[in-house]
Amino acid sequence: MSGIKVASDKKMLEEQAPLSWVDCYDMPGSDLFAKVSAFSQYTAGQRRAGLDFFRWAVMSPNVNRVTMRNPNTGQVREMIMLGSNSYLGLTSHPKVVQAAVEAAKKYGYGTGSVSLYSGTTELHVELEKRMARFYRCQDAILFPTGYAANVGAISALLRKEDLVVNDLFNHASIYDGCRLSGARMQTYAHGNMKHLERILKNSCGKGHGVLVITDGVFSMEGDVAKLDEVLALAKKYGARLMLDDSHALGVIGPNGRGTADQYGLEGQIDVTLGTLSKCLGGIGGVIAGSAELIDYLRFYARSYFFSGSVPTPMVAGALAMLDILENSGQLREDLWRNIRYMKEKLDETGFDTGSTRSAIIPVVVGDEDKLKSFLKDLLNAGIFMNYVAFPAVPKSRCRLRMSMMAGHSRKDLDYVLDKMAEFGKKHGIIR
Ligand SMILES: Cc1ncc(COP(=O)(O)O)c(C=O)c1O
């Protein structure tokens with residue numbers, strides 16, 4: 001790298017402030033850190049304009065109302081929380097907190113080891129058994145996160161010559177696992193069973209393995225996979241099926257056990273992934289399946305083998321959460337009452353909420369400048385929700401992403417609806 005080149009890259013950066021964080025990543029130049037400087041300029045500009053929507057520091061339990069610090073202004077205030085996936089609001093439940101505190105006292109704060117060595121306590125074993133029962137499977141394995149579970153399980157199962165078939169809208173961690181495996185990858189148009197069948201027809205029975213993967217609840221759309229049809233196609237063509245049910249756990253199905261529970265297909269999915277980081281409000285990823293599969297993953301999933309185990313207080317908290325979850329339909333009823341109310345009112349007001357059937361409600365805006373101004377006004381009015389733009393979704397489908405909670409009161413929701421209507425009109429998003 002020559003000094004002259006660095007100087008000219010710097011000058012270029014000064015003259016041309018990047019327009020978006022995608023432009024930053026694509027920043028040309030011989031200095032690898034050119035994109036780093038570009039991004040720093042970009043974020044400083046966003047913050048000056050009051051448009052930094054990320055990492056607002058939470059200063060209270062992350063439930064329906066939260067105290068937060070605005071990184072743009074430094075102001076601290078109470079916000080209505082519509083940006084947490086702790087759908088049942090259990091993170092601060094006294095029994096969960098007590099279980100975590102007691103585990104910290106008994107076992108200490110963390111395990112200091114990977115699971116295969118000394119990082120498995122009796123509580124880890126109990127949680128794995130419990131999650132296996134939850135998913136009506138023979139066994140389960142606990143990874144550090146859901147991300148690690150996807151990356152580890154997928155890369156352990158697929159070889160270069162195999163084929164993985166993804167729904168286009170599957171989660172990034174699924175795609176990362178597929179890339180890491182080196183297997184060939186094909187994607188079918190979101191939810192399009194004809195397309196999936198075409199791919200399977202052309203590629204199954206040719207001497208290599210085929211794994212079909214679908215999210216249960218799609219994380220940006222909130223819609224639910226046609227699991228019965230996907231499973232029927234996988235079986236018809238002799239492919240294996242993996243279900244990422246991260247956002248379905250606790251929300252979907254008569255017992256809150258997810259998409260297979262909803263379709264009456266429990267115990268029939270080859271590989272089921274659940275995360276403890278959404279509805280259960282903690283950390284950790286679970287894969288459930290046959291006893292043989294789980295034994296295999298313990299030794300071949302590198303993100304399990306080569307990564308520290310989930311801290312014991314989190315494991316104890318998750319066990320307490322499962323007790324609450326398994327014995328309380330009321331919380332789920334409260335959640336669904338809020339989901340239905342919010343979606344119905346937003347649709348009536350003229351917002352585009354897509355085809356959600358879960359606690360994730362997207363509000364598609366489609367124009368990034370309008371989206372930013374809209375969200376800035378909502379945040380200033382004490383309403384927190386998430387900003388989702390390209391490349392997470394196509395530019396024309398950029399959106400707000402709301403996560404509903406059981407604990408939202410009707411007063412909270414009516415206030416949010418009033419402000420959304422007011423600012424939606426102001427910014428020309430609705431009429
Ligand atoms: C569909 C889906 N799968 C997997 C993950 C990863 O889960 P975790 O947060 O436990 O790493 C997420 C989280 O964003 C997700 O939305």
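We count ligands from 1, going down the list as the structure has it; atoms in each ligand are counted the same way. Just the heavy atoms: all of them, side chains too, but no hydrogens, waters or symmetry mates, feed the values below.
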On a heavy-atom basis, I'd like to know which of Phe169, Phe218, Tyr147 is closest to atom 11 (O) of ligand 1.
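Closest candidate by heavy-atom distance is Tyr147.
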Tell me, please, whether Tyr341 has Arg410 positioned over its six-membered ring: NZ or CZ under 6.0 Å from the ring centre and within 45 degrees of its axis?
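So Arg410 does make the cation-pi contact.
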Should the pair Phe351 and Phe374 be assigned to parallel (<30°), tilted (30 to 60°) or perpendicular (>60°) ring geometry?
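Answer is parallel, since the angle falls under 30°.
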Which of parallel (below 30°), tilted (30 to 60°) and perpendicular (above 60°) describes Tyr117 and Phe305?
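Ring orientation of Tyr117 relative to Phe305: perpendicular.
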Quick check on contacts: which atoms of ligand 1 are under 4.0 angstrom from a heavy atom of [X]?
X      : result
Ser277 : 8 (P), 9 (O), 10 (O)
Ser173 : 4 (C)
Thr275 : 7 (O), 8 (P), 10 (O)

Polar side-chain atom of Lys278 near backbone of Thr275 as donor-acceptor pair, under 3.5 Å:
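No; judged by distance alone, with no hydrogens or angles, the pair does not exist.
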Can a donor-acceptor pair be found, under 3.5 Å and without considering hydrogens, that links the side chain of His427 to the backbone of Gly424?
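Flag not set: sc His427 to bb Gly424 has no pair under 3.5 Å.
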If you measure every N/O of Leu273 against every N/O of ligand 1, is any gap under 3.5 Å?
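No; the residue has no nitrogen or oxygen that sits under 3.5 Å from a nitrogen or oxygen of the ligand.
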Checking the N or O distance criterion of under 3.5 Å, is ligand 1 in contact with Asp215?
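Not met; the criterion fails.
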Write out the residue and atom name of the closest protein heavy atom to [atom], then the distance separating them to 0.1 Å.
atom                    : answer
atom 5 (C) of ligand 1  : His171 CE1, 3.5 Å
atom 14 (O) of ligand 1 : Lys278 NZ, 2.7 Å
atom 3 (N) of ligand 1  : Asp244 OD2, 2.6 Å
atom 16 (O) of ligand 1 : His247 NE2, 2.7 Å

For His171 and Tyr147, which I'm curious about, is there any donor-acceptor pair between the side chains at under 3.5 Å?
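There is no such pair between these side chains.
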Candidate list His190, Arg397, Arg401, Arg399, test side chain to side chain donor-acceptor pair (under 3.5 Å), partner Glu221, passing option:
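Going through His190, Arg397, Arg401, Arg399 one by one, the side chain to side chain donor-acceptor pair (under 3.5 Å) with Glu221 is satisfied by Arg399 alone.
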